[in-house]
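This report refers to the structure that appears directly beneath it.
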Amino acid sequence: MSHAVVVNDVYKQFGKNEGPFWKALFPPRSSNGNGNGKHGASTPHSPFQIIVAVDHVSFTVEEGEIFGILGPNGGGKSTLIRLIATLLLPDKGKISVFGYDVVRQPLQVQRLINRVSVEASFFKKLSPMENLMYGARLYGLSARETRKQVVEILLRLGLKERDIYHPMEEMSRGMQQKVAIARALLSRPRLLLLDEPTTGLDPRSKREVQAVVRELREVHGTTILLTTHDMNEAETLCDRIAIMDSGRVVALDTPAGLKNRVRGSSEASPTLEEVFLELTGKQLHNPEEDEEA
Ligand SMILES: Nc1ncnc2c1ncn2[C@@H]1O[C@H](COP(=O)(O)OP(=O)(O)OP(=O)(O)O)[C@@H](O)[C@H]1O
């Protein structure tokens, strides 16, 4: 197997301006002015807060693997995906996708990947078919072939035939998420980046999306890198899981390997939830539970 993604000692921070711009021009003498090196730190008088989103992360994803990044809100998962997708530049470290460097060879990388995120944008007055035909033109695909493919993919993802021709604004978020996945599949990416692909979906839609992810790997050998808050999803879908917390990878292993690490003397197999708690000392916060409550 060859490497699909190599992430080597990658670091990314964001600076958040917390006050009027002129304060940044006259930092108080007593502070260092930028809170550098500290996680989410700011000095008492500093208008800037430095947030370390990705903190010296390294891992490798093999071709054909389903690799999960599991972690709580703000853990750095989306930033990592956006770095791999060439949408952000790393401050330090190197990332390559099928041997191409994301900073020096972004076009080559972009031809091989596609990304689905929760904030996927569509022309809401247009139907899934119209949106996907528009996307297909951007990818340079033929209209006739694409029309057939769009129907096939959307039905496979659980949409009804009539939904394919209705305005997107009349669709649930779950259905829109499926259309976003369908759009990404049109370009037949070698690497599919799925940023929380099933967040907000009902259990049935979740299963449909997960089945398509598995099928993509089985039938087309697509490499899939996904982020999730969902322990069950990570366990059922992923060959390996990197647990990310506060920008760092705190563990990386197969689901079984992760469980073995914290098995201890007890015979019972721990849940991944328990593994997360053991490794980070925190509960994994799941926003969907809040929504459901
Ligand atoms: N463009 C940005 N500007 C400033 N801070 C940012 C930016 N993008 C992300 N951050 C911060 O970086 C940290 C990591 O965010 P990120 O979105 O990568 O986490 P996440 O694990 O994907 O969380 P979530 O599940 O909520 O999306 C957070 O503290 C976030 O507020």
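Position 1 is the first residue of the sequence; numbering continues from there. None of these values were measured; they are calculated from a predicted model. Note that these values count all heavy atoms, side chains included, but never hydrogens, waters or copies made by symmetry. Counting starts at 1 for both ligands and their atoms, following the listed order.
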Next item on the list: Can you measure from CG (Leu112) to CZ (Arg188) and round to the nearest 0.5 angstrom?
Entry: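 It comes to 15.0 Å.
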Does any donor atom in the side chain of [X] or [Y] lie under 3.5 Å from an acceptor atom in the other side chain?
X      : Y      : answer
Ser96  : Asp101 : no
Glu63  : Thr223 : no
Glu130 : Ser127 : yes
Thr198 : Glu233 : yes

Margin query: At under 4.0 Å between heavy atoms, is it the side chain or the backbone of Met244 that contacts ligand 1, or both, or neither?
Written below: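 None of Met244 does.
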Per-atom contacts, ligand 1 versus [X] - under 4.0 Å to a heavy atom:
X      : result
Ile51  : 11 (C), 12 (O), 13 (C), 29 (O)
His229 : 25 (O)
Lys77  : 18 (O), 19 (O), 20 (P), 21 (O), 22 (O), 23 (O), 25 (O)
Ala53  : 12 (O), 13 (C), 14 (C)
Pro72  : 21 (O)

Item checked: Cluster overlap Leu154 with Val219, hydrophobic side-chain contacts below 4.5 Å ->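 Leu154 does not cluster with Val219.
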Notebook entry, point to check: Strictly under 4.0 Å, does any heavy atom of Gly247 approach an atom of ligand 1?
Noted result: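 Gly247: no contact with ligand 1 (<4.0 Å).
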Can you confirm, on distance only, whether ligand 1 has an N/O atom lying under 3.5 Å from any N/O atom belonging to [X]?
X     : answer
Gly75 : yes
Gly74 : yes
Gly76 : yes

Next item on the list: Indicate yes or no: at least one non-hydrogen side-chain atom of Arg190 is less than 4.5 angstrom from one of Thr222.
Entry: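 Heavy-atom side-chain distance check fails, nothing below 4.5 Å.
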